[in-house]
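What follows is one structure encoded as structure tokens, with my remarks underneath.
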Amino acid sequence: MKRWVGWTLGGALVAAAWAVAAVTPGEHAYEDPFPVAVEVGETGIGRNVAVTVLDMRRAETVRAGSWSAEGNWVVVDLEAEAVESEFGTLLTRATLDIDGRTFSASERPESLLRAALSVGIPRTGSVAFELAEDVDAGRGILRFGLDTDPRLDSVIVLDIDLDALAVESAVDMLPTEWSRR
Amino acid sequence: MIPPPDDSESRPASRFRWVRAASDRVPTKWFAGIGTAAFLVATAAFGGLSTAAGPQVTALGPGGQHRNDQFAITVERAVLIDEFPDAGVYVEDGERVLALLIRVENVWNQPLAAYPDSSLTQSLEIEGLAGASPDSVARYDDATLSPSLQPGVPAQVLLAWAVEAGAFADEQELRITLNDMTLHTGSFVANGQWWTDPVPAATTAVELEDIGAGG
């Protein structure tokens with residue numbers, strides 16, 4: 001074998017090994033959720049959940065009926081419906097990843113969190129996230145789904161930019177009801 | 001006389017003769033001695049046979065905060081009360097409610113649910129309750145039962161036990177052990193991360209107030 005053939009072959013093998021290492025999926029890739037990326041006003045349709053985020057607001061005080069609480073709140077108004085089946089279909093997963101931390105939608109106010117979803121008739125309402133006081137800027141990711149265990153199911157994903165949202169002194173959450181749009 | 005070597009058999013033998021020669025030189029008789037010496041040296045390096053120091057347990061003053069990788073906990077108040085349905089605990093005849101008010105901040109990066117047998121309740125152990133989980137966990141401000149503790153958001157949380165009416169008395173000093181937990185990452189058939197394995201890390205005490213029917 002000529003000398004240059006050996007070097008070329010060796011180089012090609014090293015490059016091929018690097019490429020294989022680069023494209024190898026992560027350890028948990030086989031059970032990753034299926035993300036459906038949308039923007040505000042756009043409907044994300046997954047396996048059995050369809051979510052439309054209508055608005056995002058920030059507030060120092062959140063009110064829902066007679067309940068209210070102060071804090072660093074992000075309120076997300078949304079519509080949600082089931083796609084295939086209503087059996088046990090609850091909007092259980094609503095999280096906000098920001099600043100290296102994951103916040104889950106607060107169960108303190110009455111909200112669309114854990115609401116039962118119907119096929120073809122959207123429910124409308126809000127979910128509220130209570131953030132740490134030091135989280136007041138930056139970008140985050142909102143995720144909505146049916147199960148707190150996100151593996152192998154659809155997750156509706158949105159970007160959220162806290163800098164683009166003005167902090168209001170008080171906001172009211174939308175009551176959970178049938179959508180009238 | 002050695003017969004002339006047969007090609008087919010003697011070639012492997014001569015090729016591996018050096019293995020035999022090398023292994024004959026290994027001082028197998030010394031193995032026991034070398035092993036014993038290595039064991040003794042290793043034992044001495046790790047502190048010999050003296051008792052290993054246990055985990056440091058700090059004594060917190062009244063209102064002192066204990067902070068670990070999971071929670072920052074301050075024990076604020078302990079009360080004995082006839083009944084406390086708002087805290088989610090229901091008593092039978094001959095029972096009263098022991099309620100412990102704590103201020104807790106989740107310092108991890110994921111929300112942590114605080115339900116009766118959760119990592120939060122395993123982080124506290126009250127002397128005289130024999131390690132029993134509380135019957136209810138509720139937020140103090142809006143009575144949300146089994147609340148989720150969001151990262152970096154402190155909250156006042158009530159842990160409530162239904163106890164025998166005579167088991168605790170007014171002005172009794174309630175000694176509380178605060179535990180540190182270890183973060184466990186599931187693998188193979190398990191999935192996710194959870195806090196487990198409580199180890200005592202701090203002690204504190206609070207005076208029990210008997211507030212009768214409430215107030």
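By convention in this document, chain letters (A, B, ...) are assigned in the order of the sequence lines, proteins followed by strands, and residues within each chain are numbered from 1.
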A:Trp178 atom CH2: more than 12 heavy-atom contacts under 6.0 Å = yes

Does a side-chain heavy-atom distance below 4.5 Å link A:Phe103 with B:Pro151?
-> yes

Taking everything shown except A:Glu39 itself, do over 12 heavy atoms lie less than 6.0 Å from its CD?
-> no

Between chain A and chain B, are any donor-acceptor pairs under 3.5 Å, and how far apart is each one to 0.1 Å?
residue  : atom : partner  : partner atom : Å
A:Glu31  : OE2  : B:Asn191 : ND2          : 3.1
A:Trp67  : NE1  : B:Asp142 : OD2          : 2.7
A:Thr102 : N    : B:Asn109 : O            : 2.8
A:Thr102 : OG1  : B:Gln110 : NE2          : 3.3
A:Ser104 : N    : B:Gln150 : OE1          : 2.9
A:Ser104 : O    : B:Gln150 : NE2          : 3.0
A:Ser104 : OG   : B:Gln150 : NE2          : 3.0
A:Glu107 : OE2  : B:Ser148 : N            : 2.5
A:Glu107 : OE2  : B:Ser148 : OG           : 3.4
A:Arg108 : NE   : B:Asp142 : OD2          : 2.8
A:Arg108 : NH2  : B:Asp141 : OD2          : 2.9
A:Arg108 : NH2  : B:Asp142 : OD2          : 3.2

